[in-house]
Each structure stands twice: as structure tokens, then as C-alpha cells.
Amino acid sequence: MNLNTITEIKQPRSAGEIRHWRDGYAWLAGGTWLFSEPQIHTDTLIDLETLGWQAIAAGQDGIELAATCKIAELYAFQPSTEWSAGSLIGECCRAFLSSFKIWNEATIGGNIVMSLPAGPMISLTVALEGIYTLLPRDGPPREVRAADFVTGNHTNILQPGELLRSIHLPAAALAKSFAFRRSELTHLGRSSVLLIGTRRKPDGGLALMITAATVKPVQLAFDGTPSSEQLRNAIDTAIPDSLYLADVHGSPAHRRHLTYYYAEQIRQELEA
Ligand SMILES: Cc1cc2nc3c(=O)[nH]c(=O)nc-3n(C[C@H](O)[C@H](O)[C@H](O)COP(=O)(O)OP(=O)(O)OC[C@H]3O[C@@H](n4cnc5c(N)ncnc54)[C@H](O)[C@@H]3O)c2cc1C
């Protein structure tokens, strides 16, 4: 849609060019959300594309993703076959309510900063123990764990004007084995529940990450394989009823039921 409140589009060559932040400014990534509804409080868009950040770099220590990397670019990327969890990337790219436009224009950073419960790039980066680099307007870069970034439905820890620069996925997490489960009400629809389990080698510690069912990501970690009962108790302790999301894609009771169901499937799959 046309955004008729916009009076200026800035195209900086470096993030440092935008020193002073004010109400009315917004970073523009793929624009798939920004242009999907009126932005009555925004008068200036600051285009991130002109920063020219390299989309993806893979090395011995893992994968570095620019926030401006598009979902389609990430999907086309072939991670090393030594990284068993590399195929989680494709699973999460497909976990989108995604039209042609969203698929080709939406960015990883835009998806993370939206901080929606069904944000598949949040699921991916939390499950793979991602570290985000953030660029505040008035201080040095800071790093945060992906698991600590989202604070609620459409809320996160970013300060005004702070920019998500990149996401590091460590090689140790990429080398884990994984199990993936997702529910959607319609084909290629928005996720109502998305669970990813990962298992460390060689000691076998199991981690379970719950998204879409809850308003923010929930992580559970076990030294070995928990029993069914231990797993269910851990879910109940970590997720009070108020943390389950209620929307047209599912009631909290429906989401809680599927969380138990998929968690048990993941437990059995990773134990085997
Ligand atoms: C029909 C439809 C279906 C959708 N389905 C889903 C879905 O299934 N799951 C889902 O999670 N989302 C969904 N969305 C929402 C949105 O399109 C996606 O979250 C998308 O990934 C946003 O990325 P973008 O690059 O287009 O962000 P933009 O629209 O450009 O920006 C989104 C927000 O993030 C800010 N921002 C962007 N990049 C940065 C950065 N690097 N640092 C700081 N701030 C930044 C922008 O200022 C803006 O506030 C959907 C939207 C539509 C219209």
C-alpha cells in the first residue's frame, strides 16, 4: 500500500550516518510489513539496502548472516554437509505465511525485529544458539543471545533507533542433531506451534525450543534425555497459561496440547 505519511527516504552508505534518531524515523528492510499497513507515526524511511552488507559468510566458526539477508537468499544457501542442523535453515524458511513478495523481499532482520510469535527466523536463530549484534545510535555495538531478544508479542529489547546488524550461528550448534515439528491451520499458513529439539554431541544434552505457541521463545535444557514426565513437568514450569498465545490460529489450550504432543515426539526422535 502507499504510505502517504512518508515525506523522506534516506539512503545511507553506513549506519553511522544516522547519528540522531527521532520519532517518525523507521529503518526500512524488505518493507513487507511496513508497506502492509498505515504507518501514521512514520514520516521518514531509512533504507538498509544501500548499506551493502554481505548477506551470508560461512567459516570454521559458523555462519554470519547480515540482518539484510533476504529469506530467499538464505533458502538458496547450501550449508556445509558437516553441519547436521544446517537443514533447519530450509525448514524455517518454509515456515512462513509467505506470498511471492514476502518470500523474495522479507529479510532475516525484519522478521526478527517484528518479534511476532510466528517469526521463523526467531525460531531458527534461538534453536541454533544465535548471537545478535546490535548497533545503538549512541554507543558501541553490543551482542545479545537470540533467546534474550524477544520480550513478548511484537516487543523486543531494541532501544529507539538501535539497528540489528547481524546474526552469528556458531559451528557447535550447527553440528547438533535436530528434530523439527510445526503446526499450521492452512497449507503454507502462519505457524501456530513450532518446536525444535537439538542434541549435543557427544554428551547428549537435549535442548527444546518452543515458539509460535507462546508469545515469546521458551528454551528448555536437559543434561541427558528426560523422561516423558520430566519433560511435561519442565514445560509446565516454564510456560504458565498466560504465556500461551491466543489468536485466530489457535487457543492457548490447543497450543498447550500440541506443545506436549510435539515435545514428546521430539524427545523420542532424538533419543533414538
Ligand atoms: C500477508 C503477510 C503475511 C505475513 N506472515 C508472517 C509470518 O508468517 N511470520 C512472521 O513472522 N511475519 C509475517 N509477516 C510480517 C512480515 O512481513 C515479516 O515478519 C517479514 O519478515 C518482515 O521483514 P521485512 O524485511 O519485510 O521487514 P520490514 O517490513 O522492512 O520491517 C519490519 C520492522 O522491522 C524494522 N526493522 C527491519 N530491519 C531492521 C533492522 N535490521 N534493525 C532494526 N529494525 C529493523 C522496521 O523498521 C519495521 O519496524 C507477514 C506479513 C504479511 C503482510
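Bear in mind the structure is a predicted one, so any value in this text is a computation, not a measurement. Read the numbers this way: they start at 1 and go in the same order the structure lists the ligands and their atoms.
The protein heavy atom nearest to atom 1 (C) of ligand 1 is Ile102 CD1, 3.8 Å. The shortest contact between atom 13 (C) of ligand 1 and any protein heavy atom is with Arg190 NH2, 3.6 Å. Considering only non-hydrogen protein atoms, atom 30 (O) of ligand 1 sits nearest to Gly31 N, 2.7 Å. Scanning the protein heavy atoms around atom 53 (C) of ligand 1, the nearest turns out to be Ser36 CB, 3.6 Å. Protein heavy atom at the shortest distance from atom 49 (O) of ligand 1 is Trp33 CZ3, 3.8 Å. Atom 5 (N) of ligand 1 has Leu97 O, 3.1 Å as its closest protein atom, hydrogens excluded (heavy atom only).
At a 3.5 angstrom cut-off on N or O pairs, Thr107 counts as close to ligand 1. Residue-to-ligand polar distances place Leu34 within reach of ligand 1: an N/O pair is separated by less than 3.5 Å. Considering backbone and side-chain N/O atoms, Leu158 never comes within less than 3.5 Å of an N/O atom of ligand 1. Annotation: Val113 places no N or O atom under 3.5 Å from an N or O atom of ligand 1; distance criterion only. Checked against a 3.5 angstrom limit, the closest N/O atoms of Ala29 and ligand 1 fall inside it. The distance criterion of under 3.5 Å between nitrogen or oxygen atoms is met by Thr32 with respect to ligand 1. Residue contacts with ligand 1: Trp27 is placed with a nitrogen or oxygen under 3.5 Å of a nitrogen or oxygen of the ligand (distance criterion only). Taking distance alone, with nitrogen or oxygen atoms compared against 3.5 Å, Gly30 approaches ligand 1 more closely than that limit.
At least one heavy atom of Glu162 sits less than 4.0 Å from an atom of ligand 1.
Proximity annotation for atom 23 (O) of ligand 1: of Ser166, Gly110, Pro117, Gly109, Gly110 comes nearest, heavy atoms only. Considering only non-hydrogen atoms, atom 43 (C) of ligand 1 lies nearest to Leu164 out of Leu116, Leu164, Asp47.
Under the 4.0 Å criterion applied to side-chain N and carboxylate O atoms, Arg256 and Asp236 are not assigned as salt-bridge partners. Under a 4.0 Å N-O distance rule, the pair Arg199/Glu271 does not qualify as a salt bridge. A salt bridge does not link Asp148 to Lys216: none of the charged nitrogens lies less than 4.0 Å from a carboxylate oxygen. Under a 4.0 Å N-O distance rule, the pair Glu105/Lys70 qualifies as a salt bridge. Residues Arg232 and Glu264 are not paired through a salt bridge, judged by the lack of any N-O separation under 4.0 Å between the basic side chain and the carboxylate. Between Lys10 and Glu8, at least one side-chain nitrogen of the basic residue sits less than 4.0 Å from a carboxylate oxygen of the acidic one, meeting the salt-bridge criterion.
Side-chain contact, Arg182 with Ser191: a donor N or O sits under 3.5 Å from an acceptor N or O. At a cut-off of 3.5 Å, with distance as the only test, a side-chain donor of Arg267 or Ser228 sits close to an acceptor on the other residue.
Contacts of Leu48 with ligand 1, taken as heavy-atom pairs under 4.0 Å, involve the side chain alone. Residue contacts with ligand 1, taken as heavy atom pairs separated by less than 4.0 Å, do not involve Ile71 at all.
The backbone N or O of Leu194 lies less than 3.5 Å from no partner atom in the side chain of Arg181, so there is not a single donor-acceptor pair.
The ring pair (Phe, Tyr, Trp, His ring centres under 6.0 Å) test applied to Tyr132 returns Phe149, not counting sequence neighbours.
Residue Asn111 has at least one heavy-atom neighbour below 4.0 Å for each of these atoms of ligand 1: 10 (C), 11 (O), 12 (N), 18 (C), 19 (O), 21 (O), 22 (C), 23 (O). The Gly119 neighbourhood of ligand 1 comprises atoms 11 (O), with distances under 4.0 Å to a heavy atom of that residue. Atoms of ligand 1 found under 4.0 Å from any heavy atom of Ala118 (numbered from 1 in listed order, with element): 9 (N), 10 (C), 11 (O). Listed by number with element, the atoms of ligand 1 under 4.0 Å from a non-hydrogen atom of Ala67 are 41 (N). The atoms of ligand 1 that sit less than 4.0 Å from any heavy atom of Met114 are 19 (O), 32 (C), 33 (C).
Between Tyr261 and His257, the ring planes are parallel. Angles under 30° get that label, and only those over 60° would be called perpendicular.
The structure places OG1 of Thr225 at 11.0 Å from CD of Gln268, a figure rounded to the nearest 0.5 Å.
Smallest separation of non-hydrogen atoms from Tyr244 and Ile239: CE1-CG2, 3.3 Å. In this structure, Ile6 and Thr42 approach most closely via the heavy-atom pair CD1-O, 3.5 Å.
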